[in-house]
**Student:** 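Structure below; questions to follow.
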Protein chains: 2
Amino acid sequence: MEISHRNLTQQLTHELGEAILQGKYNEFKKLPSEADISIEYDVSRTATREAIKMLTAKGLISSRPRQGIKLKDIKSWNLFDTDVLRWILLGKPDLYMLRHFLQLRLAIEPEAASLAARFATTDELAQIERSLASMKFNQAGYEDSHQGDIDFHKSILFASNNPFFVQLTTFIETALKVNLLFTNRAEAVSEAEYQAHVEIFNLIKAGNAQGAFDAAMKTQRETLRLVDEKIAEFKSKNL
Amino acid sequence: MEISHRNLTQQLTHELGEAILQGKYNEFKKLPSEADISIEYDVSRTATREAIKMLTAKGLISSRPRQGIKLKDIKSWNLFDTDVLRWILLGKPDLYMLRHFLQLRLAIEPEAASLAARFATTDELAQIERSLASMKFNQAGYEDSHQGDIDFHKSILFASNNPFFVQLTTFIETALKVNLLFTNRAEAVSEAEYQAHVEIFNLIKAGNAQGAFDAAMKTQRETLRLVDEKIAEFKSKNL
DNA sequence: CAATAGTATTTATAATACAAAATAGACCTC
DNA sequence: GAGGTCTATTTTGTATTATAAATACTATTG
């Protein structure tokens with residue numbers, strides 16, 4: 001992903017973040033002291049402290065003199081932070097977390113479609129349409145599968161013209177990629193799916209907020225149903 | 001608010017965060033160098049760097065050698081971070097931002113109510129009920145006004161048993177408090193409002209997901225309509 | 001004028017020293 | 001022995017200094 005040139009501090013931040021999300025530390029086994037982390041990762045205490053501060057800013061840990069560095073309860077983690085999210089998914093990808101994702105999408109996307117129907121500019125509509133074209137292209141077997149699909153959902157969030165929904169684009173994108181992983185759909189987008197997306201676009205373009213909401217909701221429910229099935233299947237297999 | 005014992009680094013983080021959100025710096029006027037910040041706020045470069053790292057972790061800024069510290073586009077800010085949110089509200093509270101908030105609540109809360117209807121434990125139901133009692137108490141004129149109202153919405157999010165929705169409790173709480181500020185409703189909760197909340201609770205308790213969704217949606221639409229009116233009023237006044 | 005080499009500025013990292021906070025344990029009192 | 005106080009110890013917090021690395025800017029050279 002966007003690794004770019006990570007400096008030491010950022011490198012360490014990510015390594016510690018991943019280690020935490022892999023369950024290396026927990027409520028009983030607290031993190032090593034700054035000094036020990038410095039030794040373990042062979043960096044100065046300066047770099048260690050800066051990494052600790054970044055993780056603190058993301059709500060993962062807290063540190064106090066003499067007490068050391070402690071993991072915080074998941075309630076205070078910034079789950080909507082891209083890094084935290086990625087660490088979670090890399091750590092222990094499980095179907096329940098995926099369902100939680102989809103429940104959130106179910107809440108967000110229909111409303112985003114509704115807002116897009118009311119507030120999208122012509123440029124933003126064009127962007128949505130372009131992603132549809134890309135889906136059609138994927139359907140024919142070219143290109144990265146489902147990138148058009150992903151762009152479609154992103155561009156709708158963007159067209160909501162609400163900064164909070166826009167912020168969720170990265171979030172939803174990650175959710176979509178994980179979803180594709182689990183539903184094992186490497187094949188092309190089906191015609192039915194494509195048509196469902198076209199319908200949503202047409203309703204948005206027509207400015208039909210309620211219609212766009214309902215259509216998007218229908219799609220989301222279907223996706224969630226698929227995962228619920230997967231979970232049921234998985235459960236019966238492991239009995 | 002929860003100031004507790006802020007150390008220098010955290011103090012500086014908040015001061016810089018507020019300064020940024022008050023528009024003291026922008027895309028043209030970048031932040032001073034670490035050295036200058038240290039002088040201006042009379043702290044060591046160590047503390048300054050750690051504060052900068054925390055703001056970086058929250059997506060507000062980025063820093064590179066020779067280039068200095070630059071503000072990032074709002075698209076990369078972690079709007080769901082409690083601190084960022086508070087700085088935004090303290091900075092320039094405007095009705096449009098409030099509407100954006102409410103649009104998000106409209107997306108989140110009905111679905112949370114629906115999930116609560118399906119997954120709430122008896123303890124969580126009891127918690128919702130307690131907040132209703134507190135509302136009734138407020139109605140009679142005692143206690144902090146609307147704290148029960150706020151607790152009601154928080155406890156429903158909590159009862160969704162979805163960590164993403166739970167994470168939004170703080171977010172929604174802030175939104176509610178600002179909303180109360182703008183709608184100028186220092187008086188007690190009305191009987192109609194109280195009854196609407198009781199209805200939502202009963203539907204959740206009965207396990208009626210669709211009903212709870214619809215009832216919560218209705219309440220949210222009403223709140224949003226009130227703010228839309230305020231905005232229209234404000235516009236006509238300033239012509 | 002273009003490519004290149006040099007220079008200056010700013011962040012990145014390291015190392016050291018000491019201050020402040022929090023805790024555990026010793027000690028003391030009754 | 002219960003309870004409290006004091007002290008020692010551990011760990012983070014802050015400051016300072018030094019140097020490295022990255023990069024924008026400048027000057028030079030062909």
Side-chain angles (χ1 to χ4, degrees), chain A residues 2-17 19-20 24-73 76 83, chain B residues 2-17 19-20 24-73 76 83:
Chain A
E2 356 78 84
I3 290 130
S4 68
H5 319 151
R6 272 198 199 142
N7 53 37
L8 255 187
T9 297
Q10 289 175 321
Q11 177 79 26
L12 182 58
T13 305
H14 283 264
E15 285 185 29
L16 288 174
I20 289 171
K24 193 171 170 185
Y25 312 106
N26 54 46
E27 52 192 317
F28 306 109
K29 191 178 173 213
K30 69 175 184 183
L31 279 80
S33 69
E34 290 176 0
D36 290 341
I37 292 175
S38 304
I39 293 167
E40 186 177 341
Y41 290 87
D42 192 31
V43 294
S44 71
R45 215 188 123 199
T46 308
T48 300
R49 276 188 62 81
E50 289 179 0
I52 293 298
K53 287 299 167 196
M54 295 193 82
L55 293 176
T56 303
K58 292 178 188 298
L60 292 188
I61 56 178
S62 68
S63 66
R64 292 170 68 191
R66 174 77 213 222
Q67 261 184 228
I69 303 159
K70 288 191 306 187
L71 229 68
K72 297 209 74 173
D73 186 90
S76 57
D83 292 325
Chain B
E2 355 76 86
I3 289 129
S4 68
H5 321 142
R6 273 198 198 140
N7 55 35
L8 255 188
T9 297
Q10 289 176 319
Q11 177 79 25
L12 181 58
T13 304
H14 282 264
E15 285 185 29
L16 287 175
I20 288 170
K24 193 170 171 186
Y25 312 106
N26 53 47
E27 52 194 317
F28 306 108
K29 192 179 172 212
K30 70 175 184 184
L31 279 80
S33 69
E34 290 176 358
D36 289 343
I37 293 175
S38 304
I39 294 168
E40 186 177 340
Y41 290 88
D42 192 30
V43 294
S44 71
R45 219 189 116 199
T46 307
T48 301
R49 278 188 61 80
E50 289 179 359
I52 293 298
K53 288 300 166 198
M54 296 194 81
L55 294 176
T56 303
K58 291 176 187 300
L60 292 187
I61 56 179
S62 69
S63 66
R64 293 170 67 190
R66 174 74 214 223
Q67 264 184 226
I69 303 158
K70 286 192 308 188
L71 229 70
K72 297 211 74 171
D73 186 90
S76 56
D83 292 325

**Student:** Mind listing the closest non-hydrogen atom pair of A/Ala57 and B/Ala57 along with its distance?
**Tutor:** CB-CB, 3.7 Å
**Student:** Report, as a single string ordered 5' to 3', how protein heavy atoms within less than 4.0 Å touch nucleotides 10-16 of chain D: B base, S sugar-phosphate only, - not at all.
**Tutor:** BBBBBBB
**Student:** Indicate yes or no: at least one non-hydrogen side-chain atom of B/Tyr41 is less than 4.5 angstrom from one of B/Leu16.
**Tutor:** yes
**Student:** Starting at CE of A/Met54, measure out to CE of B/Met54 and round the result to the nearest 0.5 Å.
**Tutor:** 9.5 Å
**Student:** What's the NZ-C1' distance between B/Lys70 and C/dT11, to the nearest Å?
**Tutor:** 13 Å
**Student:** Surrounding CG of A/Asp42 (heavy atoms of other residues, nucleotides or ligands, distance under 6.0 Å), is the total greater than 12?
**Tutor:** no
**Student:** Do B/Ile20 and B/Leu31 have side chains that approach each other closer than 4.5 Å (heavy atoms only, starting at C-beta)?
**Tutor:** yes
**Student:** Which atoms form the tightest heavy-atom contact between B/Lys24 and B/Lys29, and what is the distance?
**Tutor:** O-NZ, 3.7 Å
**Student:** Pick out which of B/Thr9, B/Thr13, B/Leu12, B/Ile37 makes a side-chain contact (heavy atoms from CB on, under 4.5 Å) with B/Ile52.
**Tutor:** B/Ile37
**Student:** Would you say B/Lys30 has more than 12 foreign heavy atoms packed within less than 6.0 Å of its NZ?
**Tutor:** yes
**Student:** Taking five pairs at each end, how big is the angle between the two axes of the helix from C/dC1-D/dG30 to C/dC30-D/dG1, to 10°?
**Tutor:** 0°
